[in-house]
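Right, one structure below, let's go through it.
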Amino acid sequence: MVKTGFGLTRRGMLVTGLAVVALYPLRNATAGDEAVDIIEGLIGQKIKQSDRLHIDMPGVFPNGYTVPMTLAVDSPMTERDHVIGIRVFAPKNPIIEVVGFRFTPLRSVARVSTRIRLAAPQFVVAVAEMNDGAFLMNKTWVDAATNGCA
């Protein structure tokens, strides 16, 4: 049995390393929940994750200055069922609300593409407000290598 300078065996270090790798996604999930709590406080209403709201961003991006993002909501955009707006939040940015978009029924599609700045690796959270008062939410983890908000 070979021991390291800290009294751990190589096997013990390997097991510890594997545990850290296995638990890393859970740490990110918790951080994402904290982001949702912050956003619920800003909006003043509980929100639930929805498969109707799609947020497409790269999981890893070389810099935080121009991270591409596409948002879309599955909605017919009729008078009876349409998206009023979508707001995007990045809780680790100096200004948490990054961008907002407004939509009108019968004249638009609930889809937009743009680029945003990110200050750090973080969950980006999008919230869509529907005409019936419901809020749809989705989030994605983006690992921006450099601070785009400096």
Side-chain angles (χ1 to χ4, degrees), residues 6 8 13-150:
F6 295 104
L8 291 174
M13 287 181 62
L14 179 61
V15 168
T16 302
L18 289 173
V20 168
V21 169
L23 294 174
Y24 186 77
L26 295 177
R27 182 193 67 82
N28 286 342
T30 302
D33 292 340
E34 291 171 3
V36 172
D37 291 343
I38 291 169
I39 293 160
E40 285 177 344
L42 290 172
I43 292 175
Q45 185 172 342
K46 287 295 244 184
I47 52 177
K48 292 184 193 175
Q49 188 143 348
S50 173
D51 292 337
R52 288 181 62 192
L53 174 59
H54 307 279
I55 180 168
D56 184 25
M57 297 181 76
V60 177
F61 203 71
N63 67 64
Y65 289 100
T66 59
V67 183
M69 173 181 69
T70 299
L71 301 165
V73 180
D74 297 333
S75 171
M77 294 303 287
T78 62
E79 285 291 334
R80 297 186 63 154
D81 182 9
H82 63 272
V83 180
I84 293 174
I86 302 175
R87 296 163 69 182
V88 178
F89 302 90
K92 291 188 179 180
N93 280 10
I95 299 174
I96 294 173
E97 186 168 349
V98 179
V99 67
F101 304 96
R102 303 291 291 174
F103 300 95
T104 58
L106 306 174
R107 294 194 177 253
S108 63
V109 176
R111 179 181 172 88
V112 64
S113 292
T114 190
R115 292 181 177 266
I116 63 171
R117 290 185 174 200
L118 295 176
Q122 62 184 299
F123 275 97
V124 175
V125 182
V127 178
E129 181 181 1
M130 304 301 290
N131 68 305
D132 64 359
F135 285 90
L136 311 177
M137 183 271 302
N138 210 337
K139 63 186 174 188
T140 189
W141 177 260
V142 180
D143 190 358
T146 60
N147 182 349
C149 297

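Numbering of residues begins at 1 and proceeds along the displayed sequence.
- K139 NZ to I55 CD1: the interatomic distance, rounded to the nearest 0.5 Å, is 11.5 Å.
- Counting all heavy atoms, side chain and backbone alike, N63 lies closest to F61 at O-CD2, 3.0 Å.
- In this structure, F135 and S50 have side chains that are not in contact, with every pair of non-hydrogen atoms separated by 4.5 Å or more.
- Under the rule for a side chain to side chain contact (heavy atoms under 4.5 Å, CB included), the partners of D132 that lie at least two apart in sequence or sit in another chain are M130, A134.
- Among residues at least two apart or in separate chains, side chain to side chain donor-acceptor pair (under 3.5 Å) pairs with a member in residues 107-123 are T70-S113, N93-Q122.
- Closest heavy-atom contact between L106 and T78: CD2-CA, 4.1 Å.
- Distance check, rounded to the nearest 0.5 Å: NE2 of H82 to CD of E129 gives 9.5 Å.
- The shortest heavy-atom contact between F89 and V127 is CE1-CG2, 4.0 Å.
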M69 vs V67, side-chain contact (heavy atoms from CB on, under 4.5 Å): CA-CA, chis, key distance, verdict: CA-CA 7 Å; M69 173 181 69; V67 183; over 6 Å; no

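- Between the side chain of N138 and the backbone N or O of D51 there is no donor-acceptor pair closer than 3.5 Å.
- Taking every heavy atom of both residues into account, A119 and P94 meet most closely at CB-CD, 4.1 Å.
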Between side-chain atoms of residues 96-105 and protein atoms elsewhere (two or more places apart, or another chain), which donor-acceptor pairs fall under 3.5 Å?
unit_1	atom_1	unit_2	atom_2	d
E97	OE1	R87	NH2	2.9
E97	OE2	R87	NE	3.0

side-chain contact (heavy atoms from CB on, under 4.5 Å) assessment of N131 paired with E79: CA-CA 9 Å; N131 68 305; E79 285 291 334; over 6 Å; no

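- Put simply, CG on N147 and NZ on K92 are 12.0 Å apart, with the number rounded to the nearest 0.5 Å.
- Residues P62 and A145 share a closest heavy-atom pair of O-CB, 3.2 Å.
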Verdict with reasoning, M77 to V109, per side-chain contact (heavy atoms from CB on, under 4.5 Å): CA-CA 7 Å; M77 294 303 287; V109 176; 5.8 Å; no

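- When all heavy atoms are compared, the tightest approach of L53 to A128 is CD2-N, 4.0 Å.
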